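Accompanying notes for the structure given below.
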Amino acid sequence: MIINARNLVKRYGDLVALDHLSFSVKEGEIFGLLGPNGSGKTTAINCILSLLKYDNGEVEIFGETMTPDAYHIKRNIGIVMQNVAVYNELTVYENIDYFCGLYVRDKNLKKRLVDEAVEFVGLNEFTRFYPKKLSGGLLRRLNIACGFAHRPKLIIMDEPTVAIDPQSRNRILEGILELNREGATIIYTSHYMEEVEKICSRIMILDKGKAIATGTKDELKAMITLGEKITVESYGVTEEQLKRMRSLPNIVSVDYRDQVLEVKSGKGKNNLETVLDFIKKEGIQFGKIYCELPTLNDVFLELTGKELRD
Amino acid sequence: MQVFKLYMKIIRRNIPIMLVYVITFLVVALIMSSSMVKEQKKVASFERTKSKVAFIAEENSPLIDGFREELGKIANFIELPDETEALQDALYFRKVSYILRIPKGFTEGFMKGENVQMEKTVVPDSFSNAYIDLCIDKYFNTARLYINQMKGITQESLVQSLRLDLSESASVEVKTYGDEPADYRYGNYFFNYLSYSLFAVIIQGMGVLMLVFNNQDLKRRNTCSPVSINSINLQFLLANLVFTISSWLIMVIFTICCSSVSFLIGNLVRGYEAISAISNVVTIGPCFISGAFVPQELLGESVLRIASFTPTYWYVKANNQIAQLTRFGLLAFFAVSLVVVKKRRFE
Ligand SMILES: Nc1ncnc2c1ncn2[C@@H]1O[C@H](COP(=O)(O)OP(=O)(O)OP(=O)(O)O)[C@@H](O)[C@H]1O
Ligand SMILES: [Mg+2]
């Protein structure tokens with residue numbers, strides 16, 4: 001077990017930012033912390049790292065209790081903060097070199113690692129730039145490079161892709177998968193469910209400081225009743241027809257709005273067939289038909305009653 | 001020493017801004033120093049001032065020649081044409097501060113013991129004019145004494161006697177207050193003045209360091225590293241100390257050099273105008289060739305060789321060296337004694 005957190009409670013005055021949060025991270029996983037803004041992701045990470053005093057609970061990292069002066073534990077952790085933390089007075093290269101140097105003494109090794117990190121995030125052309133001269137995406141990449149340059153066993157990333165363009169984002173996600181393939185265990189927080197779904201092997205969904213569900217994405221999707229979401233462009237559907245449709249086997253809900261028919265079905269096979277048969281039999285005119293499997297957003301929606309996206 | 005090096009780098013990046021203060025200091029210091037030398041000369045030595053006098057005699061006689069000679073000791077004679085307008089202009093533009101006119105028949109009347117008068121036109125409220133009045137009174141009062149006592153004395157022997165009498169002069173000794181030698185006050189002034197620019201430079205440097213050090217995000221990020229908080233704080237303090245002490249050292253060494261140069265100028269040159277002219281040449285010249293305005297790297301080798309004879313060269317060089325300072329040695333000793341570490345986790 002890489003991380004074992006039990007019963008973490010963190011209060012800011014009256015606000016309970018972490019409410020008896022427990023979770024564990026296994027070696028080699030990409031562990032996703034998914035939650036909307038203000039759900040306590042950053043707080044959870046700061047508590048794990050002993051950057052914050054928490055009111056209750058305990059944290060073990062690499063099997064040892066984490067404390068503010070557990071420097072041998074910190075040596076093996078890489079951190080990418082949500083807020084970009086780099087020195088504006090240092091160039092890109094100097095920044096990576098500085099942060100790497102906090103962990104690595106050996107000069108030659110350090111140089112190699114820094115060069116690798118620069119290569120890894122694709123900042124080769126910008127090594128002599130000052131952070132102020134970098135675009136948002138490049139700055140994020142620098143922030144990431146500063147976090148993992150020393151090649152730690154555990155890398156914690158707090159929304160590393162917030163506010164960057166899709167290309168940079170994909171590149172970063174690829175990078176994270178690559179780091180993971182090279183053996184790093186990764187904790188990844190985000191409020192973008194697509195990202196989390198794409199790269200994380202296990203996901204914990206957070207809401208108001210509570211873990212509402214944990215598991216692989218398939219496990220999470222299995223937790224909810226929704227099996228498929230079938231969307232049909234159709235014309236002139238009557239109330240009567242909608243009513244009869246709702247009584248079909250394994251159909252959970254049917255909505256008709258702006259000539260779009262949205263049918264949600266429970267788990268099981270042949271749901272699409274059932275719907276199509278019905279439409280043909282009723283003689284409803286239809287255009288495009290989509291069939292979607294549930295997303296993490298649907299999971300979140302069903303578990304909390306609200307959308308993940310704000 | 002990762003953190004220490006970091007702060008040294010940050011200081012280095014801020015040197016251009018600090019140099020502005022230093023250059024201001026440099027310029028003002030030299031201007032100040034030359035005026036201090038002037039001041040000092042006034043206090044430490046006595047010299048008779050000579051006022052400018054237009055001497056217009058409408059007649060010639062041995063008595064008047066003798067008087068003119070005597071007056072010449074305390075006045076510079078300015079030749080002016082004997083026209084009312086020219087004389088008034090000369091007074092107005094302070095070409096002269098005293099116009100003395102000796103009317104026709106003055107000598108004859110004076111020798112006979114009659115009450116004769118000279119005409120004077122002066123710039124009002126000038127203390128040196130009083131000095132001239134004094135000199136005139138002294139001369140003619142003494143002369144009248146001779147004429148009254150020695151009936152029938154010739155003009156020639158009268159002038160001869162007067163010359164002997166009036167050649168006596170008092171020696172003047174100047175005392176400054178207290179026991180302090182003038183040199184000491186002069187140096188003292190410098191170190192006082194130094195505080196201004198030292199203050200500015202240190203506020204600039206430390207301000208930047210503090211700002212970076214207190215940045216919450218960076219603080220957190222550093223706290224995640226295996227370098228202990230104590231060590232981070234210590235290295236930060238050390239960097240501050242090294243910066244402060246070296247700024248002070250540079251400034252002091254530079255000040256000493258620059259005051260000694262000024263002192264030299266002050267000693268070699270006589271006359272106020274010459275001093276400021278020379279101080280300009282001496283300040284701006286070396287500043288230019290030694291890279292205070294243009295980086296030393298951009299200057300030719302021969303220029304730098306010449307520049308190495310000036311204090312500014314070494315000053316700028318030392319500055320660059322400090323900037324590259326990564327080793328520190330002895331200074332660490334000072335830092336350690338001052339360290340107070342706050343161990344605090346972030347709330
Ligand atoms: N220093 C603080 N003082 C008071 N309340 C705080 C403080 N920091 C965070 N909070 C509150 O704690 C809750 C959790 O904040 P946190 O930053 O952990 O959320 P998050 O999931 O990281 O959100 P985001 O996606 O916006 O980063 C929020 O309601 C926030 O307002
Ligand atoms: Mg956050």
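Computation of the quantities below employed the complete heavy-atom set of this structure, encompassing side-chain atoms and omitting hydrogens, waters and symmetry-equivalent molecules. Predicted model only: the values in this text are computed from it and were never measured.
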Subject >> Residue part contacting chain B, namely of V80(A), when any heavy atom lies under 4.5 Å >> reply: neither
Subject >> Atom CD of E182(A) with >12 non-hydrogen neighbours under 6.0 angstrom >> reply: yes
**OP:** For residues Y87(A) and N222(B), report the shortest heavy-atom separation together with the two atoms involved.
**Re:** OH-ND2, 2.8 Å
Subject >> Backbone of T223(B) reached by a side-chain donor or acceptor of K74(A) within 3.5 Å >> reply: yes
**OP:** Tell me, out of D217(B), V3(B), L218(B), who's got the most heavy-atom pairs with chain A below 4.5 Å.
**Re:** L218(B)
Original post:
Any donor and acceptor pair, going by atom type alone, linking the side chain of Q2(B) with main-chain N or O of V104(A) inside 3.5 Å?
Top reply: no
**OP:** Could you tell me the separation between the CG atom of N215(B) and the CG atom of N83(A), rounded to the nearest 0.5 Å?
**Re:** 9.0 Å
Original post:
Of the backbone (N, CA, C, O) and the side chain (C-beta and beyond), which part of N88(A) lies under 4.5 Å from a heavy atom of chain B, both, or neither?
Top reply: neither
Subject >> Residue part contacting chain B, namely of I77(A), when any heavy atom lies under 4.5 Å >> reply: neither
Subject >> Greater than 12 external heavy atoms within 6.0 Å of E27(A)'s CD >> reply: no
**OP:** Write down the atom of T91(A), the atom of R13(B), and the distance for their closest heavy-atom approach.
**Re:** N-NH1, 4.2 Å
Original post:
So, for I79(A) and C224(B), which heavy atoms are closest and what is the spacing to 0.1 Å?
Top reply: CG2-CB, 3.5 Å
Original post:
So does R11(A) have more than 12 non-hydrogen atoms from other groups sitting under 6.0 Å from CZ?
Top reply: no
Subject >> R221(B) versus Y103(A), closest heavy-atom pair with distance >> reply: NH1-OH, 3.3 Å
Original post:
Looking at L51(A) and R220(B), what are the two nearest heavy atoms and their distance?
Top reply: CD2-O, 3.8 Å
Subject >> Residue, of M81(A), E94(A), H72(A), Q82(A), that accumulates the most heavy atom pairs under 4.5 Å with chain B >> reply: E94(A)
**OP:** Supply the atom-to-atom distance D97(A) CG to K5(B) NZ, rounded to the nearest 0.5 angstrom.
**Re:** 8.5 Å
